[in-house]
Structures are given as C-alpha cells and as structure tokens.
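Only one structure is covered here, and it is reproduced in the block below.
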2 protein chains.
Amino acid sequence: MSRSFTIAAAQLGPIARDEPRRAVVARMIALLDRAAAADCRFVVFPEMALTTFFPRWHLTDPAEVFSYFEESMPGPETQPLFEAARARGIGFYLGYCEAVAGRTGADHLGFNSSILVDPDGRIVSRYRKVHLPGNAVPDDTLKLQHLEPWYFIDGDLGFPVADTLSGRVGMLLCNDRRWPEAWRMLGLQGAELVCLGYNSPSQLPDNPRQNPLRKMHHLMPMQAAAYQNGLWIVAAAKAGMEEGCHMMGHSCVIAPSGEVVALSSGDGDELLPYRIDLDATAEYKRFFDFATYRRPNAYGLLTEPH
Amino acid sequence: MSRSFTIAAAQLGPIARDEPRRAVVARMIALLDRAAAADCRFVVFPEMALTTFFPRWHLTDPAEVFSYFEESMPGPETQPLFEAARARGIGFYLGYCEAVAGRTGADHLGFNSSILVDPDGRIVSRYRKVHLPGNAVPDDTLKLQHLEPWYFIDGDLGFPVADTLSGRVGMLLCNDRRWPEAWRMLGLQGAELVCLGYNSPSQLPDNPRQNPLRKMHHLMPMQAAAYQNGLWIVAAAKAGMEEGCHMMGHSCVIAPSGEVVALSSGDGDELLPYRIDLDATAEYKRFFDFATYRRPNAYGLLTEPH
C-alpha cells in the first residue's frame with residue numbers, strides 16, 4: 001500500500017438542535033460520495049460530528065443531554081455511515097459523545113471521544129479528549145458558556161496511535177491542538193498523521209480582544225506542532241452559524257514543514273481533499289531527531305502535578 | 001517600578017573571525033547609546049555576541065578555539081559593557097561562550113551560555129544552552145558544519161527564571177526556540193518575558209528544501225510558545241554575511257498573543273525597541289490556566305529517557 005494517498009477534511013456546516021442523526025449521517029454520506037470521486041482513502045469528520053455543539057448551553061433536562069450521546073458505536077443510526085465508508089473503501093475519523101453506561105443526571109454522562117476507522121470498516125483506535133476547555137460548573141453570567149468539563153469526564157486513554165493507512169496515525173480533539181504536550185505525546189510515538197476535529201466559535205463574546213486573532217490562534221499552534229514533530233495534520237471544523245453561534249470553519253491540512261497546504265473557505269458542508277505523502281515526515285523527524293537532541297532529564301516540571 | 005517599559009532587541013551584524021572583542025564591545029555600547037535615547041530599560045544581545053560564530057568550522061587549533069571563550073564574566077574586555085549599561089540604567093541579556101577552567105584541546109571547552117544583568121549591573125541569572133544543534137563529531141563532507149555539541153558541554157542549569165524588571169524573566173538560546181519543552185519549562189515557572197539570542201544561517205546548504213521556510217521556522221515556534229505560555233519574547237539575531245555565511249537576522253518582539261509586533265529588516269547592527277507591558281501576559285495565562293487545564297498525568301512519555 002502506498003504511503004502517498006489523498007485524504008480529506010470533511011467539514012460540516014451547522015447542525016440544528018433538533019436535527020435528527022439520520023439527517024446528519026446523510027450529509028456525511030454525501031461527503032463520502034465526494035471523497036470517493038476525489039479518490040480519497042480517508043476522511044476526517046469534526047468533533048461531536050453527529051449533533052449540535054450542546055456544551056454552549058447549560059442544559060438541565062437529563063433526557064436532552066443524554067440524547068447527544070451515543071450508547072454504542074456504531075449504533076443503529078451510525079451503522080449506515082460505516083457501511084457507506086466501507087463500500088467506498090474509505091476510512092474515517094469521527095468525533096462523537098460516548099455515553100458511559102449507568103450514568104444519569106445532566107452532567108458527566110461520558111466522554112468527548114473520537115474513533116479511527118480503517119478503509120475495511122474496522123475501528124482501529126479510540127481516543128477520549130484530555131484537554132476539556134471551559135467551565136467545570138455552569139456560570140450563567142457568561143455571554144457564551146463552554147461547559148465541556150461539566151458534561152464530560154476527563155479522557156482516560158492517553159494519546160493512542162494506530163498503525164494503519166500504511167503509517168502511524170494519532171487523534172486529537174479541538175482544544176487539544178493548543179497544548180504542545182498533546183502533540184509531543186503523539187510525536188514521541190512516531191505519529192506521521194494526526195486527525196483532529198473541532199468546534200470553535202469564531203468569536204469569544206466574553207474575551208473579545210482575542211476575536212481578531214482567532215484564526216491565527218487556531219492555525220499557529222498546529223503549524224508549530226506539525227514542524228516540531230514532523231507530522232501531517234488534517235483538521236476538520238464545524239462551520240457556520242449554528243444555533244446563533246458562528247463556528248470558525250477553516251478546516252485545514254498542514255504539512256510536516258508547518259505550511260498550511262489546504263484551507264477551507266466556506267461555512268457549510270465542504271470536502272477539502274489533499275494528496276499527502278507520509279514519507280515527507282522523515283525530513284523533519286530527522287531534523288529534530290528526538291533520541292539525539294531531546295533532553296528529558298531537563299524537563300522534570302512537565303510531568304509534575306500542579 | 002512600572003511593569004510597562006521599553007525593551008529592545010540589539011541585533012548585531014557580522015563579526016569577523018579576527019575582529020577583537022574591544023571592537024565588538026564598542027559596537028554594543030553604540031547600541032546602548034541608541035537604547036538610552038529610546039528610553040529602554042533592557043536590551044537583548046545575540047547568542048555568542050562577542051565573537052564570530054565559530055562552530056561553523058572544524059577548528060583544530062586549541063588556542064584559536066579557546067580564544068572564543070570567556071574565562072570570566074565580566075572580564076577585562078567586557079567590563080566596559082557592564083559599566084556602560086549601568087551608567088545608562090539599562091539591563092541586558094548577553095550570550096557568550098563560557099570556559100570551564102582546566103579544559104584543554106579543541107573540544108568541549110565549556111558552555112554556550114547567557115546571563116541576565118539588571119539595570120543596576122548585577123548578574124541576576126545564568127543559563128547554559130540545553131539544546132545544542134548540529135553534529136557531535138566533525139563531518140567534513142558537509143557543506144556547512146554546525147558543531148555545537150563538539151565544542152560545548154550540555155547545559156546543566158535547567159531553565160532558570162529570575163525576578164527582575166518588576167516581573168519574571170527567563171532565558172533561552174537559539175535552537176532552544178524550536179523545542180516546546182524549553183518554553184513550557186519557563187511558562188510553568190511563571191515567566192512573563194523570555195530573552196533569546198541566536199545565530200541562524202539564512203540558508204541550509206545541506207538541507208536546501210528548508211531554505212524558503214527558514215523565516216517561518218524561526219518565527220512560528222516562538223509565536224506558538226508566546227501564546228501557549230502567555231509571555232513576551234525578545235529575540236536578537238546575528239545578521240548579515242559573516243565569514244561567507246549569511247545569518248538570518250529577523251530579530252523580533254513577540255507579544256503574549258503570539259503576534260510578531262516588531263521585526264528587524266536590516267543585516268547590520270540594529271536596535272529594535274518596543275514598549276511592552278508585562279500585565280498583558282495575564283490574559284493568556286488565565287486562558288490556559290495550567291493548574292486547571294494541564295494534565296501532567298497524561299504526559300508521562302515527555303520525561304522518559306529515549
């Protein structure tokens with residue numbers, strides 16, 4: 001199997017609060033059709049790709065919160081996505097909310113998770129988001145809440161990599177992209193490609209000074225991470241005006257050089273295909289040659305408790 | 001003392017192999033005069049600021065190699081720099097080669113070091129470069145050698161910070177800027193300003209594919225580090241055609257937002273003053289709030305030996 005192939009960020013436009021999963025899955029299958037036409041071997045869907053981004057709200061109805069979680073993956077409503085992908089010989093990364101059996105109430109029902117599915121339809125890796133941003137308890141004085149630590153449990157699977165797609169592939173989710181530790185954990189395991197889905201508002205109404213910098217703050221840490229770890233990044237956004245909140249879009253492919261080689265411009269469902277070559281990681285992995293040049297003995301604070 | 005003040009990168013143009021220290025120090029004092037005129041409280045000189053960048057050569061004469069090292073700091077030839085700075089009430093960062101007493105031969109004579117001198121003329125912090133790039137043994141088949149691990153001992157002082165300039169200040173040297181661990185070690189200790197001197201060729205004749213990206217590879221990791229750690233960076237270059245090797249220049253000031261707010265354009269001695277406010281770090285330190293959001297338990301590999 002060649003280490004050079006076409007991959008795509010499969011950006012999703014807004015998903016309404018009352019939009020049923022089967023409608024979202026139909027949109028995703030339409031993107032798979034475009035991916036097949038573009039000869040893609042793999043597509044990256046966003047974080048929490050099956051529903052609206054509900055952590056923007058302080059929801060008190062446990063039944064509604066539970067409705068955003070998946071009890072099984074694939075489940076009855078996502079099975080068609082798996083079948084469509086396998087039929088087209090396309091693997092995928094999917095972000096979704098993973099329910100933990102037996103949880104009730106409106107908080108901590110499960111994980112903010114992602115899976116890696118190979119072109120044969122097998123789940124080859126699972127990740128649970130480590131860096132949950134926002135408030136751990138609701139603060140109704142904020143203009144825009146971001147309640148991931150309230151709804152989700154901290155990820156407990158570390159930063160796994162999988163040998164698939166004739167290379168080594170890792171996963172991250174959204175806010176993880178701002179933390180160099182997350183990228184380094186994958187780089188140290190030899191990751192050559194990292195898939196990342198995200199839901200990021202284009203404006204922070206409670207922190208407006210950062211608004212003009214949002215695109216830079218999205219891209220720059222990933223560019224540095226790609227370069228410093230010698231890996232490809234494919235990042236897929238939720239985009240457009242979703243339930244009154246504008247999501248930033250700007251799905252992208254970043255090369256191991258740190259260059260942004262593809263960038264979405266639209267606010268809707270959009271396929272961003274790009275032909276990558278996993279062998280292009282070697283130049284930067286050699287340049288930084290961790291075994292020769294890193295100095296773990298000097299990094300003690302990095303793993304000490306706060 | 002105010003936490004808002006003017007600081008400057010004091011870039012140096014080329015230094016010839018046979019240029020005496022007193023000539024270089026005179027150039028540095030001329031930059032201090034310009035810094036005083038610009039009301040600077042602090043200036044950042046380059047790495048290895050007192051001599052040419054000799055690790056580009058495989059030198060076999062121990063006497064010549066030793067001539068690039070300082071036996072004391074200040075010493076007879078650098079004392080005038082200390083006096084000139086103190087007389088003007090300007091503190092400084094200085095990169096230099098630090099001899100270790102008793103070493104002979106042409107290799108491992110000492111450290112690639114920097115000091116932080118406060119406006120009262122006191123040395124308040126010392127750093128010895130941790131990430132030495134290039135070859136540990138000479139390889140005369142290369143078009144351009146970079147023999148820091150051959151000439152220098154690995155830094156053994158960790159990543160110190162000092163409480164000075166009404167804030168907390170750290171130091172790094174050159175290649176350290178490409179390693180997120182170095183920045184995080186300073187960020188975890190609350191650094192608000194990091195001074196960095198460097199000697200980077202604008203072209204890599206043995207790795208020419210990176211040549212068009214050299215400026216990006218210089219700035220981007222620092223921009224990400226400033227943002228991810230909420231700190232100011234002042235980076236001072238050796239610039240211009242030095243002994244047949246063009247040094248990249250592009251001295252800069254980077255804000256805690258990650259924005260490059262000042263950038264040198266010349267190839268010679270150049271003062272790049274900029275008014276910084278250490279309080280501007282708070283917004284980003286709050287945003288990333290390490291105690292709340294970092295997950296050291298998930299970062300185990302970062303400090304494991306290779």
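Everything quoted here is computed from the prediction, not taken from an experiment.
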Which one of [options] has the most heavy-atom pairs closer than 4.5 Å to chain B?
{"options": "Leu188(A), Asp156(A), Leu132(A)", "result": "Leu188(A)"}
{"options": "Met222(A), Met185(A), His131(A)", "result": "Met185(A)"}
{"options": "Gly158(A), Gly258(A), Pro305(A)", "result": "Gly258(A)"}
{"options": "Asn175(A), Leu157(A), Leu213(A)", "result": "Leu213(A)"}
{"options": "Gln189(A), Arg209(A), His217(A), Met220(A)", "result": "His217(A)"}

Whether His306(B) side chain and Pro296(A) backbone form a donor-acceptor pair below 3.5 Å: no
Value rounded to 0.5 Å, distance of CD in Gln210(A) from OG in Ser257(B): 8.5 Å
Straight-line distance of Leu302(B) CG to Leu301(A) CG, nearest 0.5 Å: 12.0 Å
Region of [X] that comes under 4.5 Å of a non-hydrogen atom in chain A:
{"X": "Glu259(B)", "answer": "both"}
{"X": "Asn207(B)", "answer": "side chain"}
{"X": "Asn297(B)", "answer": "neither"}
{"X": "Leu186(B)", "answer": "neither"}

Minimum side-chain heavy-atom gap Met216(B)-Gln223(A) below 4.5 Å: yes
Per-residue contacts, residues 278-295 of chain A versus chain B, heavy atoms under 4.5 Å: Glu283(A), Tyr284(A), Phe287(A), Phe288(A), Phe290(A), Ala291(A), Tyr293(A), Arg294(A), Arg295(A)
Partner chain A: residue of Ala182(B), Pro133(B), Gly134(B), Pro149(B) with the largest heavy-atom pair count (under 4.5 Å): Gly134(B)
Options Gly300(B), Gly187(B), Ala136(B), Gly155(B), ranked by heavy-atom pairs under 4.5 Å with chain A, top entry: Gly300(B)
Atom group of Leu219(A) that falls short of 4.5 Å from chain B, counting heavy atoms: neither
Per-residue contacts, residues 224-236 of chain B versus chain A, heavy atoms under 4.5 Å: Ala224(B), Tyr227(B), Gln228(B)
